[in-house]
Engineer: 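Just dropping this structure here.
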2 protein chains.
Amino acid sequence: MLEAAARVIARHGVRGLRVEELAAEAGVSTALIYYHFKNRQGILRATLDFINDRAERYTTDRVADASSLDARGELEQTLLLEFQDSPEVRENSTAWGELRASAVFEPELRKDLARATLVWVQDVAELLGKLHPVAGAGALAQAAERLTALVEGLSTRWLSGSLPLAHARTLMKEAIDAELVRLGNQR
Amino acid sequence: MLEAAARVIARHGVRGLRVEELAAEAGVSTALIYYHFKNRQGILRATLDFINDRAERYTTDRVADASSLDARGELEQTLLLEFQDSPEVRENSTAWGELRASAVFEPELRKDLARATLVWVQDVAELLGKLHPVAGAGALAQAAERLTALVEGLSTRWLSGSLPLAHARTLMKEAIDAELVRLGNQR
DNA sequence: GTCTATATCAGGATAGAC
DNA sequence: GTCTATCCTGATATAGAC
């Protein structure tokens with residue numbers, strides 16, 4: 001059911017979600033949807049939670065894999081995670097982009113979003129810190145903010161058809177280079 | 001009338017545009033709106049054209065001003081243009097973000113969007129070329145793609161309340177630094 | 001060109017049976 | 001828990017007078 005919701009949102013966006021379509025996708029009646037979730041808003045909340053969990057799950061898997069990688073590889077893998085053409089990742093990226101875009105008009109969403117963003121930024125800052133232990137916390141945080149914001153920017157370009165996936169990956173890798181060089185120079 | 005439409009879209013987004021609200025904002029009846037534009041879609045088309053024209057207009061003004069600036073200043077001004085808290089800029093940034101986000105679900109929008117993006121990227125690449133005449137065209141284009149994508153990413157974070165305006169400007173300036181350092185190192 | 005209705009419709013939500 | 005049927009609201013769009 002939540003998988004179905006994620007699929008429908010990935011297809012038409014948060015604001016294009018039709019309860020009826022979701023019901024069809026899940027193979028149940030609309031009434032049942034309302035039995036499980038209080039209302040449209042509830043569907044959205046639950047689905048976004050689900051998507052977050054799923055993202056965390058594959059982030060965790062990633063970290064498990066990464067035991068064999070060096071810090072640089074780990075950093076790249078974290079940031080390139082969103083640039084894969086699997087349905088799951090596409091759904092998550094799409095939903096995240098929608099959440100971000102919706103928050104421009106729906107202040108209620110902002111708090112959760114800001115919190116999730118902060119966690120992500122700190123995660124990346126920490127990885128950067130492993131590569132440049134002597135860099136200041138401020139410089140690390142700023143580099144992490146730029147890199148994660150770039151992920152969002154490139155991701156939306158990719159999903160909106162302005163940028164091929166492979167090219168997005170290249171650009172991202174080189175941005176990481178540029179930031180590491182910069183952190184190095186400040187030493 | 002189109003100004004009113006731009007305001008309403010900035011408030012509720014493309015997908016939140018209500019013809020009735022637009023009518024109220026413009027101080028006329030809904031019927032009159034439909035008299036001028038065929039339908040909702042027509043309103044959207046006309047408004048987005050209007051917004052594009054306006055953006056071009058203030059970009060041109062910027063270039064006129066910039067005669068006194070060095071290439072570095074011109075580059076900064078171009079990229080920081082979107083980070084100002086004036087209603088006009090906010091409206092344009094919001095509309096652009098909406099357009100980008102909508103294109104994820106509406107393939108018809110993609111072509112125009114890709115074209116506009118390309119023009120922007122080339123503009124920035126050219127400015128970068130002035131600062132690093134010996135850098136390869138490929139390296140310049142990639143730096144421009146990263147910088148413009150970062151503008152979009154930071155802009156959405158700003159508009160969605162995850163990032164204070166001043167901080168966005170700082171991050172952007174330093175990203176420019178990082179890219180210039182990188183271009184320099186490749187010489 | 002502009003207004004006051006009003007038709008029409010889509011989609012969210014619920015009642016009540018099973 | 002799940003369905004069928006239906007209500008109700010809000011929004012697009014049009015008719016027809018001025």
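Just so it is clear, the structure is predicted and the values come from calculations on it, not from any experiment. The sequence lines fix the lettering, A, B, ..., with proteins before strands; numbering per chain opens at 1. The analysis underlying the following values was restricted to heavy atoms, covering all of them including side chains, and did not include hydrogens, waters or symmetry mates.
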Engineer: Quick check on contacts: within residues 1-19 of chain B, what sits under 4.0 Å from DNA chain C by heavy-atom distance?
Structural biologist: none
Engineer: Working note: B:Thr30 + B:Leu22, criterion side-chain contact (heavy atoms from CB on, under 4.5 Å); need CA distance, chi angles, decisive distance, verdict.
Structural biologist: CA-CA 8 Å; B:Thr30 64; B:Leu22 165 54; over 6 Å; no
Engineer: When you group the ILVMFWY residues by side-chain heavy-atom contacts below 4.5 Å and let the links chain together, are B:Leu109 and B:Leu113 in the same group?
Structural biologist: yes
Engineer: Would you call B:Arg15 and B:Glu106 a salt bridge, using N to O less than 4.0 angstrom?
Structural biologist: no
Engineer: Side-chain contact, heavy-atom cut-off 4.5 Å: A:Asp177 with A:Lys173?
Structural biologist: no
Engineer: Are B:Leu131 and B:Leu80 linked, directly or through other ILVMFWY residues, by side chains that come within less than 4.5 angstrom of each other?
Structural biologist: yes
Engineer: CD of B:Glu20: more than 12 outside heavy atoms within 6.0 angstrom?
Structural biologist: no
Engineer: Which side-chain N or O atoms in residues 159-172 of chain B pair as donor and acceptor under 3.5 Å with protein atoms at least two apart or in another chain?
Structural biologist:
unit_1, atom_1, unit_2, atom_2, d
B:Ser160, OG, A:Arg100, NH1, 3.3
B:Ser160, OG, B:Thr156, O, 2.8
B:Ser160, OG, B:Arg157, O, 3.2
B:Ser162, OG, A:Arg100, NH1, 2.9
B:His167, NE2, A:Glu145, OE1, 3.1
B:Arg169, NH1, B:Phe83, O, 2.6
B:Thr170, OG1, B:Ala166, O, 3.0

Engineer: Between B:Leu147 and B:Ile176, is a side-chain contact (heavy atoms from CB on, under 4.5 Å) present by the stated rule, with each step listed?
Structural biologist: CA-CA 7 Å; B:Leu147 288 172; B:Ile176 296 171; 4.2 Å; yes
Engineer: Give the C-alpha distance, both sets of side-chain angles, the deciding distance and a yes or no for side-chain contact (heavy atoms from CB on, under 4.5 Å) between B:Tyr34 and B:Val19.
Structural biologist: CA-CA 9 Å; B:Tyr34 283 100; B:Val19 179; 3.4 Å; yes
Engineer: Please identify the 5'-most and 3'-most nucleotides of DNA chain C with any atom under 4.0 angstrom from a heavy atom of chain A.
Structural biologist: C:dG11 to C:dA15
Engineer: Between the axis at one end of the helix from C:dG1-D:dC18 to C:dC18-D:dG1 and the axis at the other (five pairs apiece), what's the angle to 10 degrees?
Structural biologist: 0°
Engineer: Kindly compute the distance separating CG (B:Leu128) from OG1 (B:Thr78), expressed to the nearest 0.5 Å.
Structural biologist: 10.0 Å
Engineer: For DNA chain D, determine which residues of residues 34-43 of chain B have any heavy atom closer than 4.0 angstrom to one of its atoms, and list them numerically.
Structural biologist: B:Tyr34, B:Asn39, B:Arg40
Engineer: Salt bridge between A:Arg72 and A:Glu76, side-chain N to carboxylate O under 4.0 Å?
Structural biologist: yes
Engineer: For residues 35-47 of chain B, please give each side-chain donor-acceptor pair under 3.5 Å, one per line with the distance, not counting sequence neighbours.
Structural biologist:
unit_1, atom_1, unit_2, atom_2, d
B:Asn39, OD1, B:Gln41, N, 3.2
B:Asn39, OD1, B:Gly42, N, 2.9
B:Arg40, NH1, B:Leu17, O, 2.6
B:Arg40, NH2, B:Val14, O, 3.2
B:Thr47, OG1, B:Ile43, O, 2.7

